[in-house]
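The block underneath contains the structure these notes are about, expressed in structure tokens.
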2 protein chains.
Amino acid sequence: MIELHRLRAFVAVAEEGHITRAAGKLGMQQPPLSRLVQGLEAQLGCRLLRRMPRGVEPTEAGLALLEEARAVLARASRVEDAVRRTARGEAGRLAVGFTSSAALHPFG
Amino acid sequence: MIELHRLRAFVAVAEEGHITRAAGKLGMQQPPLSRLVQGLEAQLGCRLLRRMPRGVEPTEAGLALLEEARAVLARASRVEDAVRRTARGEAGRLAVGFTSSAALHPFG
DNA sequence: GGCCATTACGGGACACGTAAAGATG
DNA sequence: CATCTTTACGTGTCCCGTAATGGCC
């Protein structure tokens, strides 16, 4: 399965259009980032970027991955907080109910 | 961010109720799997499993993570195939339409 | 004593950073 | 020549597997 690390790298590159610029945004150097994307292409068996003289451009497959990757990363980024909140008791015990008559009952 | 590797490990353990059994299912040994879950607990800063004399049991936070992790993993597992299909041209350009009359039209 | 989880230790894979090389306008 | 990407090389970290230790019926 694709690891999130590689997805993050690819999304940054695809959004910036330059490996160099994306590396700066991710706080790393260009060479490791370039290899990360290459590894992803090798894993998927297809090119994700068109290498241009001035930067890169996502291929068709790259665009598809960009969309999917954003969805997965967005969901994954919320997991950590959700679990911690549950551990603190702020969530997880919350039950939400719908009835047709609850609104008629006074509290207490 | 939590890596998918750790999520897969935790889901297997939580579902099996035994680190030993989950390790067999994942094709690995118990010690690395035990450490993987410990690493996840350290990352989240809360216990995910209650260690019992016969196996383990998810805590409240563990149950919350189990649910989230399944959703993320399910989504991530489809990414790879989706991108490869797009690269082969089987998807990405596919438009699906619904009409009220298409069924009345003969092919050709 | 048997079962299960954990710690200890050595080996391999992967990613990073720096430095040098290749490609293109 | 300037810009951007890629390859080369050495280092550090993380994970794995085997072996030994700890806790609880």
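Quick note on labels: first sequence line is chain A, next is B, and so on, each numbered from 1.
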Checklist entry - Listed by chain and number, what are the side chain to side chain contact (heavy atoms under 4.5 Å, CB included) partners of Ala64(A), not counting sequence neighbours? => result Thr86(B)
Checklist outcome for this item: residues 26-40 of chain A vs salt bridge (Lys or Arg N to Asp or Glu O under 4.0 Å), sequence neighbours excluded, gives none
Next on the checklist: For a side-chain contact (heavy atoms from CB on, under 4.5 Å) check, start with the C-alpha distance between Ile19(B) and Val37(B), then their side-chain angles and the critical distance, and finish with the verdict.
Outcome noted: CA-CA 9 Å; Ile19(B) 294 184; Val37(B) 176; 5.5 Å; no
Next on the checklist: The criterion is side chain to side chain contact (heavy atoms under 4.5 Å, CB included); which residues satisfy it with Thr20(B), sequence neighbours excluded?
Outcome noted: Gln30(B)
Restricting both atoms to N or O, compile the protein contacts to nucleotides 22-25 of chain D shorter than 3.5 Å, with distance only.
none

Checklist outcome for this item: Expected list for residues 37-49 of chain A near DNA chain D, using heavy atoms below 4.0 Å, is Gln38(A)
Next on the checklist: Is the phosphate of dT6(C) approached by Ser34(B) (side-chain N or O, under 4.0 Å from OP1 or OP2)?
Outcome noted: yes
Next on the checklist: Checking Leu48(A) against Leu66(A) for the side-chain contact (heavy atoms from CB on, under 4.5 Å) test, could you report, in this order, the C-alpha distance in whole Å, the side-chain angles of both residues, the deciding distance, and whether it holds?
Outcome noted: CA-CA 9 Å; Leu48(A) 299 170; Leu66(A) 181 58; over 6 Å; no
Restricting both atoms to N or O, compile the protein contacts to nucleotides 16-19 of chain C shorter than 3.5 Å, with distance only.
from: dG17(C); atom 1: OP2; to: Gln29(A); atom 2: N; distance (Å): 3.1
from: dG17(C); atom 1: O6; to: Arg35(A); atom 2: NH1; distance (Å): 3.2
from: dG17(C); atom 1: O6; to: Arg35(A); atom 2: NH2; distance (Å): 3.1

Item to check | Partner residues of Arg70(B) under the salt bridge (charged side-chain N to carboxylate O under 4.0 Å, His left out) criterion, sequence neighbours left out | outcome: Glu15(B)
Next on the checklist: I'd like to check Leu36(B) versus Val13(B) (side-chain heavy atoms, cut-off strictly below 4.5 Å). Are they in contact?
Outcome noted: no
Next on the checklist: I need the CD-P distance between Glu3(A) and dC15(D), as an integer number of Å.
Outcome noted: 10 Å
May I have the list of side-chain donor-acceptor pairs in residues 72-81 of chain A shorter than 3.5 Å, sequence neighbours left out?
from: Ser77(A); atom 1: OG; to: Leu73(A); atom 2: O; distance (Å): 3.4
from: Ser77(A); atom 1: OG; to: Ala74(A); atom 2: O; distance (Å): 2.8
from: Glu80(A); atom 1: OE2; to: Arg84(A); atom 2: NH2; distance (Å): 2.9

Checklist entry - Which heavy atom in Pro32(A) sits nearest to a heavy atom in Met28(A), and how many Å separate them? => result CB-CE, 3.4 Å
Checklist entry - Shared ILVMFWY cluster between Leu63(B) and Leu65(B), side chains joined below 4.5 angstrom? => result no
Donor-acceptor pairs under 3.5 Å, side chain of residues 50-57 of chain A to any protein atom, not counting sequence neighbours: which ones?
from: Arg50(A); atom 1: NE; to: Glu57(A); atom 2: OE1; distance (Å): 3.4
from: Arg51(A); atom 1: NH1; to: Glu41(A); atom 2: OE1; distance (Å): 3.4
from: Arg51(A); atom 1: NH1; to: Glu41(A); atom 2: OE2; distance (Å): 2.9
from: Arg51(A); atom 1: NH1; to: Leu49(A); atom 2: O; distance (Å): 3.1
from: Arg51(A); atom 1: NH2; to: Glu41(A); atom 2: OE1; distance (Å): 3.2

Next on the checklist: Among residues at least two apart in sequence or on other chains, which ones pass side chain to side chain donor-acceptor pair (under 3.5 Å) with Arg21(B)?
Outcome noted: His18(B)
Checklist entry - Between residues 12-20 of chain A and DNA chain D, which residues have a heavy-atom gap below 4.0 Å? => result His18(A), Ile19(A), Thr20(A)
Next on the checklist: Under 4.0 Å, heavy atoms only, any strand: does Arg6(A) hit a base, just the sugar-phosphate, or nothing?
Outcome noted: sugar-phosphate
Report, one line per pair, each donor and acceptor closer than 3.5 Å where one atom sits in a side chain of residues 4-12 of chain B; sequence neighbours left out.
from: Arg6(B); atom 1: NH1; to: Gln43(B); atom 2: OE1; distance (Å): 2.8
from: Arg8(B); atom 1: NH2; to: Glu3(A); atom 2: OE2; distance (Å): 3.4

Checklist entry - In whole Å, what is the span from the CE atom of Met52(B) to the P atom of dA5(C)? => result 12 Å
